[in-house]
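To start, I am sharing the structure in question, which I have written as C-alpha cells.
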Amino acid sequence: MKNTNKSSSVMRPTRRAFLGTTAAAAGLVSTGTLLGLRPAHAQPKRGGSFRAAMGHGSTTDTMNPGTWDGDFMISLGYGYCGYLTGVRRDGSLEPQIAESWEATPDATEWRFRIRQGVTFHSGKPVTGEDVAASINFHRGEGSTSAAKPLVDPIEEIMVDGDTVVFKLSAGSADFPFTFTDYHLPVMPAGGEDGIDWRAGDGCGPYKIVDFEPGVRVKVVKNENDWDSERGYFDEIEVLAILDPNARTTALVSGDVNMIDRIDLKTVGLLTRDPKINIHSVAGNQHYTFAMSVNKDPFTDNHVRRALKFGINRQEMVDKILFGYGSVGNDHPIGRGQQFFNSEMAQTEYDPDKARFHLKEAGLDSLNVELSAADAAFGGAVDAAILFQNSAAAAGITIDVKRVPNDGYWSDVWMQHPFSAVYWGGRPTEDAMFTTAYAAGAAWNDTFWENPRFNELLLAARAELDEDKRRAMYYEMQLLLNEDGGAIIPMFANYVFATGPGVDTGGDQLSSHWDKDGHRWWERWSFA
C-alpha cells in the first residue's frame with residue numbers, strides 16, 4: 001500500500017495575483033490507498049464500454065443543476081458538463097473552461113478569460129454569455145438553488161469579449177474555488193430559466209444518450225471535447241443500485257466495472273478476490289445527525305449538547321466504518337484542511353455530562369425520534385442504533401425510525417427534525433460553511449442561525465491576512481461544536497472498488513469528492 005499526502009499553500013492576492021495557472025490551493029490532504037492488486041500505470045488506453053453501479057439515485061432527480069444532491073447526479077454533472085475551474089488530484093486549483101484568471105489587489109473584482117474552441121455537445125460554441133447566464137441562474141432572490149449562498153457575494157457579472165468579470169460585495173481570497181462546486185456547470189444560455197438545462201446539452205467529456213432518473217444513465221464519448229487528454233472510454237453506463245449486496249454481486253460477477261459505497265462489513269471478503277481492487281481515500285466526507293434547531297426539543301442548546309455527549313464516536317468509527325475513517329468533533333472541517341482547528345478539545349462520550357445538560361434544560365430524561373436509511377450513508381441505520389444504545393446510559397431514549405431509501409433526500413432530509421445525513425465536504429472552509437451553516441442557506445439542514453458565526457463568515461472570506469483568517473475559522477469551528485445543530489461523529493474515507501482491467505491512472509486519487517473527485521469519467525481507462 002502507498003499513501004501519498006500533499007497539501008498546498010494559499011497565495012495572497014497581489015496586484016495581478018491569482019493567475020489560473022498558479023491559483024490558490026485547496027489545503028486538502030489527498031491520500032489514495034489501494035488494497036489488493038493494483039494495475040501498473042501506463043499510457044491510458046482508449047476505447048471500451050465501462051459500467052458502474054452507484055448506491056445513489058432517486059426517481060425525483062432532474063437535470064436542474066441547482067437541485068443536484070446525491071452522488072449519482074453530482075457524478076453525472078462532472079461527466080457531461082464543463083466547469084470554469086477544477087480541483088486537481090493534489091487538491092490544487094486548475095483551469096478548465098476558464099484558461100486563466102486574475103484579481104484586483106483587494107480581491108473584490110475577478111476577471112476570468114474563457115478558453116476558445118470549447119463547444120457544447122450540440123455544436124454551439126461556449127461564450128462568455130453562457131458563463132454569465134449559468135452563474136446568474138443560481139443568483140437572485142427567487143433562486144432556490146443550493147449554490148445560491150456561494151454566488152450571493154457576486155454583485156455584478158459583465159462580459160467583456162472573451163473575459164467574464166465578477167464584481168463582489170467584498171474581497172474573497174478563495175473565489176476561483178467557487179466554480180468547482182458541482183452545482184455550477186456552464187450550460188447554454190436561453191430557455192425559460194436563463195439556461196437550457198432541460199436539454200442535457202453539456203460541454204464535458206461525455207454526451208448523454210439516455211437518462212432514466214433513479215435508474216440509469218448512458219453516455220458516449222464527446223469526440224469534439226476541447227481536452228484531448230481525458231475521456232478514454234467509448235461509452236459509459238451508470239446504474240442506480242441502492243442495495244449494497246446487489247452492487248457487490250454485480251462487481252464480483254463482472255456485470256459492472258466499479259461500485260461505490262461498499263458494505264464495510266464485508267469489505268474483507270472482497271479483498272480476498274484477486275480480481276478486485278479496493279480503494280480507500282481519506283478526505284473531508286463526514287456523516288452527521290442533523291437536529292432542526294427551530295423545532296423542539298432541539299431549540300434548547302443544552303438538549304443538543306446532551307446528545308453530543310451521548311454519542312460514542314470511536315465506537316462508530318470502529319463498528320460502522322471498520323477503521324476506514326476518523327472521529328469527528330461536530331464541525332465539518334477535515335484534519336487535512338488549511339484552517340482545521342487543531343487546538344480545540346475533542347468532545348468525548350460522557351453520559352454524566354449529557355445528564356448535566358439535560359438537567360440544565362430542566363429535564364430528567366429525553367425522548368427523541370431519529371430518522372435514518374442507508375441512503376443517507378452506508379450503515380446509517382446501524383449507526384442510529386449504536387447512538388440509541390450509548391445515549392440510553394444518559395437517560396436519553398432515541399426511537400430509531402427506519403425510512404425508505406428512495407426519496408430520502410426529498411422526503412426526509414430537512415423535513416424530519418432529526419435525521420442521518422452525509423456530506424462530501426468542500427475544498428475550502430468558506431465553501432463548506434457557506435453551503436451548510438450560513439443563515440438562510442438552502443442546505444442549512446439544521447436551520448441554525450448564529451449571529452457571531454455569520455459575522456465571522458463574511459469577515460473571514462474577505463480577510464487576506466492568513467493568521468487573522470485562521471483565528472476566525474478556528475472560532476467558527478468552536479461555535480459549531482458548542483452551539484451548532486449538527487452532531488458529526490465521524491469522517492469517513494471514500495471506499496469504492498474496481499474490477500479487473502481498470503486503470504485508475506496512478507496511485508494517488510483525489511480526495512475532493514468520492515471516486516477520484518467524481519472525475520473518474522475523464523481520468524480512468526481500461527489497462
Exercise for review: May I ask you to decide if Arg88's main-chain N or O and Glu94's side chain share a donor-acceptor pair within less than 3.5 Å?
Suggested key: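 No, Glu94 side chain to Arg88 backbone: no donor-acceptor pair under 3.5 Å.
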
Check your understanding: Can a donor-acceptor pair be found between the side chains of Gln314 and Asp318 at a distance below 3.5 Å?
Key ->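 Per modelled atom types, Gln314 and Asp318 side chains form a pair under 3.5 Å.
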
**Study point:** Any donor-acceptor pair under 3.5 Å from Asp330 side chain to Ile488 backbone
**Key:**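 Yes; at least one donor-acceptor contact below 3.5 Å.
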
**Study point:** Test item: Met291 and Pro417 side chains (from C-beta on) under 4.5 Å apart, heavy atoms
**Key:**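 No, their side chains stay 4.5 Å or more apart.
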
Point to revise | Glu109: salt bridge (charged side-chain N to carboxylate O under 4.0 Å, His left out) partners, not counting sequence neighbours | key: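 Result, salt bridge (charged side-chain N to carboxylate O under 4.0 Å, His left out) vs Glu109: none returned.
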
Practice item. Report yes if some heavy atom in the side chain of Arg247 is under 4.5 Å from a heavy atom in the side chain of Asp260; otherwise report no. Key: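 With C-beta onward as the side chain, the pair touches.
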
Practice item. Could you tell me whether a side-chain N or O of Asp465 sits under 3.5 Å from a main-chain N or O of Asp467, the two making a donor and an acceptor? Key: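 Checked: pair present.
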
Point to revise | Smallest separation among heavy atoms of Ile157 and Ile154, with atom names | key: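 For Ile157 versus Ile154, the nearest heavy atoms are CG1-CG2, 3.6 Å.
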
Practice item. Just grab all the side-chain hydrogen bond (donor to acceptor under 3.5 Å, both in side chains) pairs involving residues 478-492, residues at least two apart or on different chains. Key: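 Checked against side-chain hydrogen bond (donor to acceptor under 3.5 Å, both in side chains) - neighbours excluded - the pairs reaching residues 478-492 are Arg304-Asp483, Asn329-Asn481, Thr347-Asn481, Trp448-Asp483, Asn450-Asp483.
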
Check your understanding: Could you give the distance from CZ (Phe166) to CE (Met158), rounded to the nearest 0.5 Å?
Key ->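 Rounded to the nearest 0.5 Å, the CZ-CE separation comes to 10.5 Å.
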
Review point. What do the steps show when you test Ser92 against Asp90 for side-chain hydrogen bond (donor to acceptor under 3.5 Å, both in side chains), and what is the final call?
Key: CA-CA 6 Å; Ser92 62; Asp90 66 1; 2.6 Å; yes

Check your understanding: Does Met316 reach the side chain of Leu321, with side-chain heavy atoms less than 4.5 Å apart?
Key ->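 Answer no - side chains too far apart.
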
**Study point:** Test item: Leu84 and Gln96 side chains (from C-beta on) under 4.5 Å apart, heavy atoms
**Key:**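 No. Closest side-chain heavy atoms not under 4.5 Å.
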
Point to revise | Pairing residues for Lys167 by the side-chain hydrogen bond (donor to acceptor under 3.5 Å, both in side chains) criterion, not counting sequence neighbours | key: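 So Lys167 forms no side-chain hydrogen bond (donor to acceptor under 3.5 Å, both in side chains) with any residue.
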
Review point. Between Tyr78 and Tyr83, does the ring centroid distance fall short of 6.0 Å?
Key: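 That pair passes the under 6.0 Å test.
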
Check your understanding: With ring centroids as reference points, do Tyr324 and Tyr494 lie under 6.0 angstrom apart?
Key ->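 Distance test on ring centres: not under 6.0 Å, no.
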
**Study point:** Set of residues satisfying side-chain hydrogen bond (donor to acceptor under 3.5 Å, both in side chains) with respect to Asp352, sequence neighbours excluded
**Key:**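 Testing Asp352 for side-chain hydrogen bond (donor to acceptor under 3.5 Å, both in side chains), a comparison that skips the adjacent residues, returns none.
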
Point to revise | Between OH on residue Tyr182 and NE2 on residue His512, distance to nearest 0.5 Å | key: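 Result: 10.0 Å between the selected atoms.
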
Check your understanding: Which heavy atom in Ser419 sits nearest to a heavy atom in Val412, and how many Å separate them?
Key ->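 The answer is CB-CG1, 4.2 Å.
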
Point to revise | Side chain to side chain, Ile396 and Leu307, heavy atoms closer than 4.5 Å | key: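 Heavy-atom side-chain distance check passes, below 4.5 Å.
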
Check your understanding: With distance as the sole test, does Ser390 use its side chain to make a donor-acceptor pair with the main-chain N or O of Gly310 at under 3.5 Å?
Key ->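 Side chain of Ser390 to backbone of Gly310: a pair is present.
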
Practice item. I would like to know whether Asp263 and Lys265 meet salt bridge (Lys or Arg N to Asp or Glu O under 4.0 Å); could you show each step before the answer? Key: CA-CA 5 Å; Asp263 185 346; Lys265 295 191 294 293; 3.3 Å; yes

Practice item. Can you sort out the partners of Ser410 under side-chain contact (heavy atoms from CB on, under 4.5 Å), two or more places apart, ordered by chain and number? Key: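 Applying side-chain contact (heavy atoms from CB on, under 4.5 Å) to Ser410 gives Thr60.
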
Exercise for review: Could you verify whether a donor N or O on one side chain and an acceptor N or O on the other, from Trp521 and Ser75, lie under 3.5 Å apart?
Suggested key: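 Yes, a side-chain donor-acceptor pair sits under 3.5 Å.
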
Point to revise | Side-chain heavy atoms of Phe433 within contact of Pro332, under 4.5 Å | key: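 They are in side-chain contact.
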
Practice item. Please collect all side-chain hydrogen bond (donor to acceptor under 3.5 Å, both in side chains) contacts where either partner lies in residues 132-146, sequence neighbours excluded, each pair once. Key: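 Qualifying pairs: Asn136-Arg139, His138-Ser145.
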
Practice item. Please work out whether the ring planes of Trp110 and Phe175 are parallel, tilted or perpendicular, with thresholds of 30° and 60°. Key: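 Judged by the thresholds at 30° and 60°, the geometry between Trp110 and Phe175 is tilted.
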
Check your understanding: Are His183 and Trp443 close enough that their ring centres sit under 6.0 Å apart?
Key ->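 Centroid distance His183-Trp443: below 6.0 Å, so yes.
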
Point to revise | Short side-chain to backbone donor-acceptor contact, Arg461 and Thr434, under 3.5 Å | key: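 Side chain of Arg461 to backbone of Thr434: no pair is present.
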
Exercise for review: Look at the aromatic rings of Phe112 and Phe179 and report parallel, tilted or perpendicular, splitting at 30° and 60°.
Suggested key: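 Perpendicular: the ring planes of Phe112 and Phe179 meet at over 60°.
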
Check your understanding: Thr85: what forms a side-chain hydrogen bond (donor to acceptor under 3.5 Å, both in side chains) with it, not counting sequence neighbours?
Key ->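 Thr85 satisfies side-chain hydrogen bond (donor to acceptor under 3.5 Å, both in side chains) with no other residue.
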
Check your understanding: Roughly how far, to the nearest 0.5 Å, is CD of Glu429 from CZ of Phe177?
Key ->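 Going from the CZ atom of Phe177 to the CD atom of Glu429 covers 10.5 Å.
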
Check your understanding: Could you give the distance from CE (Met54) to CZ (Phe496), rounded to the nearest 0.5 Å?
Key ->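 CZ of Phe496 is found 10.5 Å from CE of Met54.
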
Exercise for review: Could you walk me through whether Arg469 and Glu466 pass the salt bridge (Lys or Arg N to Asp or Glu O under 4.0 Å) test, one step at a time?
Suggested key: CA-CA 5 Å; Arg469 221 171 162 216; Glu466 188 170 305; over 6 Å; no

**Study point:** Asn405 to Ala373 - nearest heavy-atom pair and separation
**Key:**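 Closest heavy-atom pair between Asn405 and Ala373: OD1-CB, 3.5 Å.
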
**Study point:** For Val327 against Arg313, the heavy-atom pair lying closest together
**Key:**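 Looking at all heavy atoms of both residues, the shortest contact is CG1-CB, 3.7 Å.
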
Review point. How long is the span from the CG atom in Leu464 to the CG atom in Asp106, to the nearest 0.5 Å?
Key: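 So the CG of Leu464 and the CG of Asp106 are separated by 8.0 Å.
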
Check your understanding: Please, which pairs that meet side-chain hydrogen bond (donor to acceptor under 3.5 Å, both in side chains) have at least one residue in residues 61-72, sequence neighbours excluded?
Key ->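 Counting only pairs at least two positions apart or across chains, the side-chain hydrogen bond (donor to acceptor under 3.5 Å, both in side chains) contacts touching residues 61-72 are Thr62-Thr67, Asp71-Tyr422.
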
Point to revise | Heavy-atom closest pair, residues Asn444 and Met414 | key: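 Taking every non-hydrogen atom into account, O-CE, 3.5 Å.
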
Review point. If you draw a 6.0 Å radius around NZ in Lys468, do more than 12 non-hydrogen atoms from other residues or ligands fall strictly inside?
Key: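 12 or below, so no.
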
Check your understanding: Between the main-chain N or O of Ala439 and the side-chain N or O of Asn454, is there a donor-acceptor pair closer than 3.5 Å?
Key ->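 Yes; at least one donor-acceptor contact below 3.5 Å.
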
Check your understanding: Hey, is the main chain of Asp350 close enough, under 3.5 Å, to the side chain of Arg355 for a donor-acceptor pair?
Key ->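 Looks like no, no N/O pair under 3.5 Å.
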
Point to revise | Residues in salt bridge (charged side-chain N to carboxylate O under 4.0 Å, His left out) contact with Asp193, at least two apart in sequence or another chain | key: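 For Asp193, the residues satisfying salt bridge (charged side-chain N to carboxylate O under 4.0 Å, His left out) (neighbours in sequence not counted) are Arg198.
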
Point to revise | Sidechain-backbone polar pair: Gln337 side chain, Gly334 backbone, donor-acceptor under 3.5 Å | key: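 The answer is yes, because a donor-acceptor pair under 3.5 Å joins these two groups.
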
Exercise for review: Can you measure from CD (Glu360) to CZ (Arg305) and round to the nearest 0.5 angstrom?
Suggested key: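 Atom-to-atom, Glu360:CD and Arg305:CZ are 12.0 Å apart.
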
**Study point:** Residue pair Trp423 / Asp445, side-chain donor-acceptor N/O under 3.5 Å
**Key:**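 A donor-acceptor contact under 3.5 Å links the two side chains.
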
Practice item. Kindly indicate whether the side chain of Arg89, heavy atoms from C-beta on, has any atom under 4.5 Å from the side chain of Asp516. Key: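 They are in contact (side-chain heavy atoms under 4.5 Å apart), so the answer is yes.
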
Practice item. Using the side-chain hydrogen bond (donor to acceptor under 3.5 Å, both in side chains) rule, collect all pairs that involve residues 363-384, keeping only residues at least two apart or in two chains. Key: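 Only Ser371-His416 qualify under side-chain hydrogen bond (donor to acceptor under 3.5 Å, both in side chains).
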
**Study point:** Heavy-atom pair of closest approach, residues Ala420 and Phe377
**Key:**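 Heavy atoms of Ala420 and Phe377 come nearest at CB-CE2, 3.9 Å.
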
Check your understanding: According to the ring pair (Phe, Tyr, Trp, His ring centres under 6.0 Å) rule, which pairs have a member within residues 457-482, sequence neighbours left out?
Key ->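 Matches after skipping sequence neighbours: Phe339-Tyr473.
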
Exercise for review: Using ring pair (Phe, Tyr, Trp, His ring centres under 6.0 Å) as the criterion, list what pairs up with Tyr349, not counting sequence neighbours.
Suggested key: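 Testing Tyr349 for ring pair (Phe, Tyr, Trp, His ring centres under 6.0 Å), a comparison that skips the adjacent residues, returns none.
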
Point to revise | Contact check, side chains of Phe309 and His357, non-hydrogen atoms, under 4.5 Å | key: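 Side-chain contact under 4.5 Å: yes.
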
